[in-house]
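Every number for a ligand or one of its atoms is a count from 1 in the order of the listing.
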Amino acid sequence: MTHASPSAQEERDAAFLEDFAALSAFGATPAGGVERQAGTAADGEQRAWLHRWLTDRGFEVHYDGLGNQFGLCTLRPGAPYVLSGSHLDSQPLGGRYDGAYGVLASAHAAHRAVQQWSSPATSPQYNVAVVNWFNEEGSRFKPSMMGSSVFTGKLPAETALATTDRAGTTVESALREIGALGDYAGPDVAAYAEIHIEQGRDLENAGRTIGVVGSTWAARKYQVVVRGEQSHTGSTVMADRRDALLGASLLVVAVRELAEQSTDIPLHTSVSEMSVEPNSPVVVAREVRLHVDLRSPDEALLDAAAKKLAEAVPGIEERASIAVEQVQTHGWGVAPFPSAGVELAAQAADKLGLSHQTVMTIAGHDSVNMKDVAPSIMLFVPSVEGISHNEGEFTHEQDVCAGTDLLTEVLHRLMAGGLDSGTGE
Ligand code: GLV
Ligand code: MN
Ligand code: MN
């Protein structure tokens, strides 16, 4: 019996899936996720793997002063680059797809696009480069999207480099430790593309393969410090207590109630990180630090929610005899991606016969920064049950492969100058 040899498409898909499995082994957790927070040993190992993958295929790899990793393929010396990427770092006990899928899809798509330009030999308008942005997740070092924030001039490099994790390690020393601190200035970017898992249910519910991001939800993030007074859990009479943990708990409930009270327009609210001092079983907490994260597709609603939260604070301070200090540390608005890019991506999806729809992104992505400095395109593939920042993150192989095919087509069109004219062709 003879077997039909695999088609070129099957070979491309198999190569991608094999590489994705190899990448998923770095920091792999027993429950099928990954743990490779920014600047850790696992991050260093996966970066070294990507470095080799890129250099083996003729890309030149450089690191900038914030550990952003670039792989450049220069077909037209002196011309700017179409940049495509995402991030390899993960949340603690994170999923295999968040960010890593986009970096690997960019590497494969850029390599395939280069091959398309090379045979028969034709010269694109722009070169192509792959990027692995440093610390998109913002779990070990805040804020999220750190590497692209510095690259786009939104965060001073010195501030980012001096940021510490909970153990007091700076970004600078973590980057040095994994050999990722360079002095490359970064490519001149003609256009930017990123593909990511949706991290929501809209595509799955609609039965569509591709989301083309038309705009962002707005987000506001706050660092909150609740100050009380340290005392004995047993002997301090209740009336004398200034319990920072009680104040923090009341804030957690107030933050949740903001979302519960917003019935017409979605509002997502979380208290997502908390540290308790001194965190002893026999001590009433003197201080709690917490991180508040508010998101909505309606900026006015977000303003109103922030105001409501501020109005709840005096009552909480009085009830728990504590003081609350709140500072907004990070955020972004409802902002569109260029319509010419949305159109280009939709036409590319049509050409490949992939069903698609325009979506908003609720999560932050490096493209949210990049779209402010270069024409940018953001693509989604479906997430099963919308699960993300969880070891159970999953995207079907056919969607993963379709997204990589679409990104290849998008990069090819961008390299041809497809966004210069705004026609998408
Ligand atoms: C970043 O990933 C965010 O959504 O804040
Ligand atoms: Mn991500
Ligand atoms: Mn993430």
message: So that I can tick it off, tell me whether Arg140 and Asp89 are bridged by a salt bridge, with the cut-off set at under 4.0 angstrom between side-chain N and carboxylate O.
response: no
message: If we check side-chain hydrogen bond (donor to acceptor under 3.5 Å, both in side chains) with Arg220, which of these qualifies: Thr329, Asp293, Asp303?
response: Asp303
task: Go through the structure and list residues passing side chain to side chain contact (heavy atoms under 4.5 Å, CB included) with Val284, not counting sequence neighbours.
output: Ser231, Thr233, Arg241, Asp243
- request: Using the ring pair (Phe, Tyr, Trp, His ring centres under 6.0 Å) rule, collect all pairs that involve residues 369-393, keeping only residues at least two apart or in two chains.
  value: His365-Phe380
- request: Flag the pair Arg166 and Glu273 as a salt bridge only when some basic side-chain nitrogen lies within less than 4.0 angstrom of an acidic carboxylate oxygen.
  value: yes
message: With a 6.0 Å cut-off (strictly less than), is the heavy-atom count around CD of Glu177, excluding the residue itself, greater than 12?
response: no
task: Taking only Lys NZ, Arg NE, NH1 and NH2, and the carboxylate oxygens of Asp or Glu, determine whether Arg12 and Glu10 approach each other closer than 4.0 Å.
output: no
- prompt: Of the options Glu194, Glu136, Gln69, which is the one that meets His87 in a side-chain hydrogen bond (donor to acceptor under 3.5 Å, both in side chains)?
  reply: Glu136
query: Near the Mn ion (ligand 2), is there an N/O/S atom from His196 that is less than 2.8 Å away?
result: yes
field: Distance below 2.8 Å from the Mn ion (ligand 3): protein N/O/S atoms
entry: Asp98 OD2, Glu137 OE1, Glu137 OE2, His389 NE2
message: Can you confirm whether the side chains of Gln46 and Arg36 place a donor and an acceptor under 3.5 Å from each other?
response: yes
query: Is Glu325 salt-bridged to Arg227, cutoff N-O under 4.0 Å?
result: yes
task: Mind jotting down which protein residues get a heavy-atom contact under 4.0 Å with ligand 1? Chain and number order, please.
output: Glu136, Ser144, Lys221, Arg295, Trp332, Ala363, Gly364
